[in-house]
K.L.:
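Please see the structure below; I have some questions.
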Protein chains: 2
Amino acid sequence: MGTNRSPTMRDVAVCAGYSTATISRVLNNDPRVAEHTRNRVMVCMKKLGYRVNPIARSLKTSRTHTIGILSPEFQNDFFMSAAEGIENYLRANGYISFICNSRENPEEEAELVRMMIEKQVDGIIIIPASSRGGEHYQLLRELEIPYVLVDRLIDGLEADAVLTDNFRGAFTAVERCILGRAGNIALIGGPLDITSARERTEGYRAAMEKYGKAIVEELIVCGDMHVESGYRLMGELLRQDPQLQYVFIINLFMRIGAEKYLLEHKSARDIRIAAFDESAISPLFTHTWVTVRQPLSRIGAQAARLLLRRIQNDNLPFPQVYRETPEIITHS
Amino acid sequence: MGTNRSPTMRDVAVCAGYSTATISRVLNNDPRVAEHTRNRVMVCMKKLGYRVNPIARSLKTSRTHTIGILSPEFQNDFFMSAAEGIENYLRANGYISFICNSRENPEEEAELVRMMIEKQVDGIIIIPASSRGGEHYQLLRELEIPYVLVDRLIDGLEADAVLTDNFRGAFTAVERCILGRAGNIALIGGPLDITSARERTEGYRAAMEKYGKAIVEELIVCGDMHVESGYRLMGELLRQDPQLQYVFIINLFMRIGAEKYLLEHKSARDIRIAAFDESAISPLFTHTWVTVRQPLSRIGAQAARLLLRRIQNDNLPFPQVYRETPEIITHS
DNA sequence: TGTAATAATGTAATCGATTACATGGAGCAG
DNA sequence: CTGCTCCATGTAATCGATTACATTATTACA
């Protein structure tokens with residue numbers, strides 16, 4: 001039992017009585033090999049348990065069949081759902097993925113992009129840590145390495161992207177509330193320099209306008225997307241209008257804060273919440289009315305598909321921006 | 001502006017007037033290069049923007065500086081926290097990681113292990129999809145590819161592993177309750193073929209015994225770790241003993257179910273919950289008393305460290321099993 | 001001054017694939 | 001029978017590094 005160096009093309013060649021060139025041709029489905037040699041070679045490959053060495057192959061072809069994925073946060077269901085969608089699609093298509101954590105930090109993101117370039121990934125999917133861009137995008141452009149943005153756009157950057165149709169999600173959710181005979185609907189929005197927050201806010205306004213609802217500016221407040229601000233803003237809104245019954249909240253974390261406020265202040269009153277996002281938590285929400293469910297794994301798959309098409313040089317017009325329609329759920 | 005093929009060692013060699021061997025020596029900090037040549041070479045590398053091609057290097061050294069990580073679920077904060085800890089440590093040490101999703105499926109896990117072997121990872125960290133093992137563990141052993149288990153052990157498999165000290169976490173949490181003058185403490189446990197569930201249950205029993213508390217078998221129920229069973233079992237326990245005040249729940253999801261039951265049945269009564277795990281949800285829990293916080297990112301880092309030591313052939317005794325002590329938090 | 005030891009660098013094989021080009025034989029037209 | 005095409009396969013260079021071994025220059029010491 002000698003050291004089991006794993007078999008190479010050369011071993012297969014010897015076993016089958018051909019040259020390595022032929023083995024390689026069989027491997028790559030080159031039509032110029034005779035049927036019977038193909039068979040003979042395949043038998044040998046099976047017998048020896050031959051598996052191609054992707055590293056040697058990559059060195060020659062400069063393709064790694066490897067994709068980089070950058071996520072700003074690992075402990076975030078949304079990002080990870082998208083990552084899951086991406087990974088599924090890629091793996092089903094013979095690609096494997098490096099997933100790295102940019103820790104919401106644009107500089108780390110840039111560093112990771114450099115690292116991935118060095119590792120010679122064939123393409124990158126980025127869930128951006130910031131909507132403010134950075135030199136790495138230019139680097140990717142220069143080196144002609146395809147990349148696709150997910151969930152967020154970058155201001156002033158033309159790039160392929162796949163994201164939720166935030167406007168439509170917000171619009172439809174608010175419309176549902178209105179059609180469900182909601183009165184004043186307050187809004188807990190987010191920083192307007194975050195694209196998605198801005199779009200959701202616009203969706204809210206558009207729906208209100210379409211149905212001739214007066215937009216009360218006092219009932220529109222902006223948080224920072226985190227739990228605490230949801231808590232605080234819910235309080236402010238109720239102080240503003242103690243009769244308030246309907247609130248639209250643009251993300252999960254602020255919504256958690258709002259629910260918490262309601263719990264603690266025994267306002268188990270008739271407040272009904274419409275909001276973006278769902279998660280394992282949702283069963284504990286007590287004021288759920290309408291939920292906007294982002295099609296995250298579809299977004300991920302779509303992004304992966306787009307990236308692979310770019311890699312295979314499908315020459316699609318550039319850039320491609322897909323906005324996936326969210327699902328709106330009305331709870332009894 | 002010709003096509004910018006990125007510079008190779010050969011280019012640097014020409015630029016500096018040495019052979020590629022010397023360039024390589026500089027790159028690998030070989031002490032046998034003269035100081036001034038080292039400097040000259042470094043200047044050239046900088047000037048040309050040279051970066052070593054890790055693929056070519058890997059082909060020769062058969063080391064990829066790449067680690068595979070298998071997680072059973074991407075949308076699970078626990079696994080992803082551990083993955084984050086792993087990734088941090090690895091990256092800080094010059095390694096990069098493939099993270100793949102075994103989808104709680106042992107067969108996919110095995111397939112992924114094969115894929116990673118093919119990609120020639122230097123080692124693998126596995127959060128097992130099942131505690132029942134599989135041929136891939138043997139394969140890894142045969143090929144002498146180091147691997148470390150995280151969070152779960154595999155029955156009958158001697159392997160390096162890093163996990164929470166489940167027994168101690170449960171023991172200490174229950175002890176806290178007892179010392180906090182809790183009366184009967186019920187238990188919502190899990191399937192006994194899951195190591196962690198079993199250990200936590202044992203911790204509970206041990207604490208009860210130590211303080212001479214009668215263990216009422218009717219107040220010990222087992223769920224399947226999911227939300228629904230928590231919901232159902234909370235109901236059963238309350239029917240069993242309507243006076244029940246204290247419950248120890250061994251994981252987050254069943255705990256969510258339990259809280260949901262309490263919410264819906266207005267049992268805002270004096271029920272206090274001790275439980276494993278925390279998450280973004282925790283602010284919405286209304287019966288929190290004692291929480292066992294698993295040191296997930298430390299576990300991840302520890303696993304990564306152990307793996308790298310194995311790779312560097314630290315010859316530690318085999319196997320190493322680390323049980324990390326959880327943090328017990330008592331809420332006011 | 002001669003020679004051995006040592007230090008700095010070069011030469012060339014190698015890792016395991018891919019692929020442009022070369023080769024040899026079969027089939028066919030004139 | 002000659003010459004041309006086509007088909008299956010082989011030869012050998014190549015991708016970009018690493019490294020055993022060879023070579024040369026330098027120093028040290030008898």
Side-chain angles (χ1 to χ4, degrees), chain A residues 3-45 48-66 94 117-122 143, chain B residues 3-45 48-66 94 117-122 143:
Chain A
T3 309
N4 275 345
R5 194 182 45 86
S6 62
T8 72
M9 259 185 28
R10 171 149 242 95
D11 300 316
V12 179
V14 168
C15 161
Y18 289 96
S19 74
T20 60
T22 298
I23 312 303
S24 174
R25 289 190 188 106
V26 170
L27 230 50
N28 295 287
N29 292 313
D30 190 312
R32 310 173 283 184
V33 282
E35 200 51 39
H36 68 276
T37 45
R38 182 183 305 279
N39 292 331
R40 192 133 125 219
V41 168
M42 303 247 278
V43 168
C44 283
M45 298 202 304
L48 301 179
Y50 171 77
R51 318 221 71 179
V52 10
N53 178 331
I55 295 188
R57 172 179 280 178
S58 293
L59 179 58
K60 198 76 196 26
T61 62
S62 54
R63 286 231 160 167
T64 54
H65 276 247
T66 290
I117 290 174
E118 208 167 299
K119 279 276 182 184
Q120 310 200 215
V121 296
D122 292 344
L143 298 177
Chain B
T3 309
N4 275 346
R5 193 181 47 83
S6 63
T8 73
M9 259 184 29
R10 171 148 242 96
D11 300 315
V12 178
V14 168
C15 162
Y18 289 96
S19 75
T20 59
T22 298
I23 311 302
S24 174
R25 289 192 189 105
V26 171
L27 231 52
N28 295 287
N29 292 312
D30 190 311
R32 316 173 276 183
V33 282
E35 200 52 38
H36 68 277
T37 43
R38 183 184 304 280
N39 293 331
R40 190 131 128 222
V41 168
M42 303 246 277
V43 168
C44 282
M45 297 201 305
L48 300 179
Y50 171 78
R51 318 220 72 179
V52 10
N53 179 329
I55 294 188
R57 172 178 280 178
S58 294
L59 180 58
K60 198 76 202 11
T61 62
S62 54
R63 284 229 161 171
T64 55
H65 277 246
T66 291
I117 291 175
E118 208 167 300
K119 280 276 181 184
Q120 309 201 212
V121 296
D122 292 344
L143 298 176

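Predicted, not measured: the structure shown is a model, and the values here were computed from it. Order of the sequence lines sets the chain letters (A, B, ...), proteins ahead of strands, with each chain counted from 1.
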K.L.:
Under 4.0 Å, heavy atoms only, any strand: does B:Thr37 hit a base, just the sugar-phosphate, or nothing?
P.N.:
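Sugar-phosphate: the residue B:Thr37, judged by heavy atoms under 4.0 Å, touches backbone atoms but no base.
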K.L.:
Shortest non-hydrogen contact from B:Val121 to B:Thr64?
P.N.:
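Closest pair (atom of B:Val121, atom of B:Thr64, distance): CA-OG1, 3.7 Å.
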K.L.:
Roughly how many Å is it from CG in B:Asp11 to C1' in D:dC15, rounded to a whole number?
P.N.:
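After rounding, the gap between these two atoms is 13 Å.
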K.L.:
CD of B:Glu35 versus C1' of C:dA7: gap in Å, rounded?
P.N.:
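That distance rounds to 14 Å.
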K.L.:
Mind checking B:Arg57 for me? I need base, sugar-phosphate or nothing, with any heavy atom below 4.0 Å counting as a touch.
P.N.:
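Sugar-phosphate only.
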K.L.:
Are the side chains of A:Glu35 and A:Asn39 in touch, meaning some heavy atoms are under 4.5 Å apart?
P.N.:
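Heavy-atom side-chain distance check passes, below 4.5 Å.
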K.L.:
Report the nucleotide, chosen from C:dA17, D:dT9, C:dT9, that has the shortest atom-to-atom distance to any side-chain atom of B:Arg25.
P.N.:
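My answer, after comparing the listed nucleotides, is C:dT9.
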K.L.:
Atom CZ of A:Arg32 and atom P of C:dT18: how far apart are they, to the nearest Å?
P.N.:
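Checked: the CZ to P distance equals 13 Å.
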K.L.:
Using whole Å, report how far CZ of B:Arg10 lies from C1' of D:dG16.
P.N.:
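Whole-Å distance recorded here is 10 Å.
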K.L.:
Hey, which sits more toward the 5' end of DNA chain C by its nearest nucleotide, A:Thr61 or B:Thr22?
P.N.:
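First, find each residue's nearest nucleotide; the 5'-ward one identifies B:Thr22.
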K.L.:
Taking side-chain contact (heavy atoms from CB on, under 4.5 Å) as the criterion, tell me which of A:Thr20, A:Val26, A:Asn28 meets it with A:Ser24.
P.N.:
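Single side-chain contact (heavy atoms from CB on, under 4.5 Å) partner of A:Ser24 among A:Thr20, A:Val26, A:Asn28: A:Asn28.
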K.L.:
For B:Thr8, report the nucleic acid contact type (base, sugar-phosphate, nothing); a contact means any heavy atom under 4.0 Å.
P.N.:
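The residue B:Thr8 makes sugar-phosphate contact but no base contact.
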K.L.:
Roughly, in whole Å, what's the span from CG in A:Asn53 to P in C:dT14?
P.N.:
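Interatomic distance, CG of A:Asn53 to P of C:dT14: 17 Å.
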K.L.:
Counting the atoms with a prime plus P, OP1 and OP2 as sugar-phosphate, which does B:Ser19 contact under 4.0 Å by heavy atoms, base, sugar-phosphate, or nothing?
P.N.:
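Base, at least one base heavy atom under 4.0 Å.
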K.L.:
Give the nucleotide from the list D:dG16, C:dT11, C:dT18 with an atom nearest to the side chain of A:Ser24.
P.N.:
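The listed nucleotide nearest to A:Ser24's side chain is C:dT18.
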K.L.:
First locate atom CZ of A:Arg25, then atom CZ of A:Arg32, and finally report the distance between them rounded to the nearest 0.5 Å.
P.N.:
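So the CZ of A:Arg25 and the CZ of A:Arg32 are separated by 5.0 Å.
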K.L.:
Rounded to whole angstroms, how far apart are CD1 on B:Ile55 and P on C:dG16?
P.N.:
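Taking atom P of C:dG16 as the reference, CD1 of B:Ile55 is at 16 Å.
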K.L.:
Would you indicate what A:Ala34 reaches in the nucleic acid, counting non-hydrogen atoms under 4.0 angstrom: base, sugar-phosphate, or nothing?
P.N.:
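Answer is sugar-phosphate: A:Ala34 comes under 4.0 Å of backbone atoms only.
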K.L.:
Nearest to the side chain of B:Tyr18, which nucleotide is it out of C:dT18, D:dT9, C:dG10?
P.N.:
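Selected nucleotide (nearest to the side chain): C:dG10.
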K.L.:
Side chain of B:Ala21 only, heavy atoms from C-beta on: which candidate in D:dT19, C:dT9, C:dT19 is closest?
P.N.:
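Per side-chain heavy atoms of B:Ala21, the pick is D:dT19.
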K.L.:
Do B:Ile117 and A:Arg51 have side chains that approach each other closer than 4.5 Å (heavy atoms only, starting at C-beta)?
P.N.:
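A side-chain contact under 4.5 Å is absent here.
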K.L.:
Whole Å only: how far is the NZ atom of B:Lys60 from the P atom of C:dA12?
P.N.:
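For the pair B:Lys60 NZ and C:dA12 P, the rounded distance is 16 Å.
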K.L.:
What nucleotide among D:dG10, D:dT18, D:dC15 has an atom nearest to a side-chain atom of A:Leu59?
P.N.:
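Side chain of A:Leu59 sits closest to D:dC15.
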K.L.:
Within this structure, what is the CG-to-P distance between B:Leu48 and D:dG16, rounded to whole angstrom?
P.N.:
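These atoms are roughly 14 Å apart.
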